[in-house]
Amino acid sequence: MSSTKIFLKSSDDKTFEIDETAARASETLKNIIDGGCLDGVIPLPNVSSNILPKVIEYCKKHGGDNGSSKKIANGGVDKDKEILPDYDEEEDKREKVRVDELKKWEEEYMDFDQQVLYDLMLAANYLHIKGLLDLTVEKAASMIRGRTPDQIRENFNINSDFTPEEEEEMILIEDEWDDEWAFD
Amino acid sequence: MEASKVFSGEINSTKFSGAASDLWIVLKMGEEALLERRWENMDLDILVRIFKTFDIIELTSGISQVCRTWRLACCDAILWKTLDLGLWRSNYIKIPAAPFVWVSDSSDKKLMRLLKVALGLSCGAVTCLIFHFNLYLKDEHLIYTAERCPQLKRLVLPAWNRITKSAICKAVRLWEDLESMTMPSIRCYSYIMEEIGRSCKNFRELKLMGPCDAVFASTLATWLPKLKVLSLRCSTLERDALILILDSLMHLEVLNISHCLLVEVPDPPAPRKILTELDETIIEKASRLREFYSCMDDSCIMCQRMKDDEGLIRWYKYEEWSWRVDEVSSLSLAMEQHGEVGGGILQVRDLE
């Protein structure tokens, strides 16, 4: 069974191929496809060739659905199923295996540094791929949670651009805040 | 020369020196010019989306101090619609005379600091403000807050021990948009209800955390006759007060008297009588309400607690979230900002 191929052109003029079903994981691409104004190649001026293959990899994995493993897991073990007469235990098991496999895939897929995270986030936002955006937001949040400003700057390679006066003011605030309850 | 200024912080930390640092700057500049992928320049909407997953502690103490752009994203109105200070209680001791609590000086100072940082970032966007029932504000805290929350619609302030009449009235005058308030039982209600009735044209919802007598009910009837939603859950409720509420608040649509200790107060010296069920008069009068919640069930844990505590529920003895619950959905306080992220337990901190 073959599906229609779509061609995507990155900001640096490289062309990538993707199945239409996979491309539909992106709301933006879906609208272009459904809008019928498909002229061979879809130019993506905001996505570089460094990150586009990574985006395509995600779309391929998620085909038509837009959720991450979490949402699928919730849907997969739907309580309502138990009261359905044709409730299929085998089906449920297969679903669990699928969700576990997807989680493992996500874990490996999400193993990258903050620069890739940055690009992937922007791409997911631009292409409206909600599942991917959720995943990247979650990863960024995990790099922030429970950390001091210095640690956060280190994680994201950020330079503090506050003036010395502002810095001083914030240090004063921090001093008055007992670390015990600011960060425990 | 500009470049070395910009990157001076990082050079120091990586211990480059002289020519090596210059080269490093050039490389770094080149990389930046080429890619412009710096988190300082990240799309604000995306940053806000990330920051939405954090509570006020992380926002105020860590994230907002990273850099200017992140600070700006921390000021987004979406993050501050609800300012939930239900995570903090004062460092206090109960005392036998008014105001019945003593709060340490450092605790008061810390609360002020917390308000300054949080309200500074909020840029006036707060519409819902929640305080813990053991967070004892002073007038200065309340006024400082009121002046910086001009758009407030909902106030949850269950402890008024140290707040003066003039301060709460001044605050209410600043909150013209106020629609909903959760408050404790106080000695005299008329001044506050009068002020709300006069200043807050859209006021519609009240929750009382404490005993409810006929004086309270008649004050409501006088000053807030257009009240739509009233919750008295877990209060000692005089039957006369209930009848008065049902008779005189003609616009009332939703009433919650769940787990109330319903009492009849005859002329002295006869003792008050605890009623075990709603009589027909009450049921008939309540039938016109859109939603009427009541629970007087011996097997109900909240009803049992009301009895054990002799009609004055001691929230501190129970689950940290229990005081936040209400059968009326618009009065129940969302929990997602707390606990869920940090492991499911609502951890309230003392402002020591």
Side-chain angles (χ1 to χ4, degrees), chain A residues 11-12 46 48 50-51 113-126 130 133-134 136-164 166-167 169-184, chain B residues 5-11 13-14 28 31-32 34-43 45-71 87-88 91 106-107 109-110 112-114 116-117 120 341-342 347-352:
Chain A
S11 58
D12 46 342
N46 290 348
S48 78
N50 289 332
I51 207 69
D113 66 13
Q114 49 89 10
Q115 282 285 278
V116 177
L117 178 64
Y118 183 97
D119 289 338
L120 200 55
M121 234 173 191
L122 282 177
N125 189 48
Y126 170 64
K130 193 176 175 299
L133 189 57
D134 288 347
T136 51
V137 163
E138 209 173 289
K139 185 176 171 91
S142 73
M143 289 164 71
I144 296 170
R145 185 159 293 125
R147 290 180 170 80
T148 63
D150 277 339
Q151 290 167 332
I152 297 172
R153 278 185 215 121
E154 200 186 318
N155 272 354
F156 292 91
N157 191 24
I158 291 173
N159 301 304
S160 171
D161 52 2
F162 290 115
T163 62
E166 287 169 330
E167 287 273 11
E169 199 178 311
M170 284 188 295
I171 286 166
L172 277 177
I173 288 169
E174 232 176 309
D175 281 352
E176 282 192 44
W177 278 42
D178 190 356
D179 279 3
E180 192 192 320
W181 62 275
F183 292 105
D184 63 359
Chain B
K5 240 188 206 169
V6 174
F7 291 109
S8 59
E10 213 160 318
I11 302 289
S13 64
T14 45
K28 194 80 196 156
E31 185 188 316
E32 218 186 343
L34 194 68
L35 304 167
E36 288 185 357
R37 298 186 300 181
R38 297 206 54 89
W39 286 87
E40 293 94 318
N41 307 328
M42 181 44 112
D43 186 277
D45 287 343
I46 293 183
L47 285 178
V48 171
R49 198 183 263 265
I50 301 170
F51 297 166
K52 257 169 101 173
T53 61
F54 293 103
D55 64 20
I56 168 188
I57 303 170
E58 302 244 33
L59 282 180
T60 51
S61 57
I63 300 166
S64 63
Q65 296 175 33
V66 169
C67 66
R68 279 168 183 275
T69 314
W70 282 39
R71 189 177 183 84
L87 277 180
W88 289 278
N91 181 23
S106 64
S107 182
K109 276 191 184 143
K110 260 193 191 137
M112 200 61 193
R113 180 60 62 188
L114 175 62
K116 276 186 182 168
V117 178
V341 231
Q347 197 199 352
V348 178
R349 296 144 193 262
D350 292 315
L351 283 168
E352 272 168 32

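Remember, predicted model here, so these are calculated numbers, not experimental data. Every chain is numbered from 1 and lettered A, B, ... according to where its sequence line falls, protein lines coming before strand lines.
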Novice: Let me know if B/Ile50 has heavy atoms under 4.5 Å from chain A in its side chain, its backbone, both or neither.
Specialist: both
Novice: Checking A/Asn125 against chain B: side chain, backbone, both or neither under 4.5 Å from a heavy atom?
Specialist: side chain
Novice: Measure B/Ser64 against the heavy atoms of chain A and call it side chain, backbone, both or neither at under 4.5 Å.
Specialist: backbone
Novice: What's the separation between atom OH in A/Tyr118 and atom CD1 in B/Ile46, rounded to the nearest 0.5 Å?
Specialist: 8.0 Å
Novice: Dump the intermediate steps for side-chain contact (heavy atoms from CB on, under 4.5 Å) on B/Arg38 and A/Asn159, then the final yes or no.
Specialist: CA-CA 9 Å; B/Arg38 297 206 54 89; A/Asn159 301 304; 3.3 Å; yes
Novice: Within this structure, what is the CE-CZ distance for the pair B/Met42 and A/Phe156, rounded to the nearest 0.5 Å?
Specialist: 9.0 Å
Novice: If every non-hydrogen atom of B/Gln65 is compared with every non-hydrogen atom of A/Arg153, which pair is closest and at what distance?
Specialist: O-NH2, 2.6 Å
Novice: Can you confirm whether B/Arg49 is buried at CZ, in the sense that more than 12 heavy atoms of other residues, nucleotides or ligands lie under 6.0 Å from that atom?
Specialist: no
Novice: Specify the closest pair of heavy atoms between B/Ser61 and A/Pro149, including all atoms of both residues, with the distance to one decimal.
Specialist: O-CG, 3.9 Å
Novice: In Å, rounded to the nearest 0.5 Å, how long is the span from CG of A/Leu122 to CG of B/Asn41?
Specialist: 10.5 Å
Novice: With only heavy atoms counted, which part of A/Asp150 is less than 4.5 Å from chain B, the side chain, the backbone, both or neither?
Specialist: neither
Novice: Can you tell me how far the CG atom of B/Asp43 sits from the CE atom of A/Met121, to the nearest 0.5 Å?
Specialist: 10.0 Å
Novice: Is there a side-chain contact (heavy atoms from CB on, under 4.5 Å) between A/Thr163 and B/Arg68 once you walk through the steps?
Specialist: CA-CA 10 Å; A/Thr163 62; B/Arg68 279 168 183 275; 3.5 Å; yes
Novice: Going through the checks in order, is the side-chain contact (heavy atoms from CB on, under 4.5 Å) test met by A/Ile152 and B/Trp39?
Specialist: CA-CA 11 Å; A/Ile152 297 172; B/Trp39 286 87; over 6 Å; no
Novice: What distance do A/Ile144 atom CD1 and B/Thr53 atom OG1 have between them, rounded to the nearest 0.5 Å?
Specialist: 7.0 Å
Novice: Set out, in order, the CA-CA distance, both residues' side-chain angles and the distance that settles side-chain contact (heavy atoms from CB on, under 4.5 Å) for B/Lys52 and A/Val137, then state yes or no.
Specialist: CA-CA 10 Å; B/Lys52 257 169 101 173; A/Val137 163; over 6 Å; no
Novice: Give a yes or no on this: more than 12 heavy atoms of other residues, nucleotides or ligands lie within 6.0 Å of atom CD of A/Gln151.
Specialist: yes
Novice: Just verifying a value: how many Å separate A/Arg145 CZ and B/Ile63 CD1, rounded to the nearest 0.5 Å?
Specialist: 8.5 Å
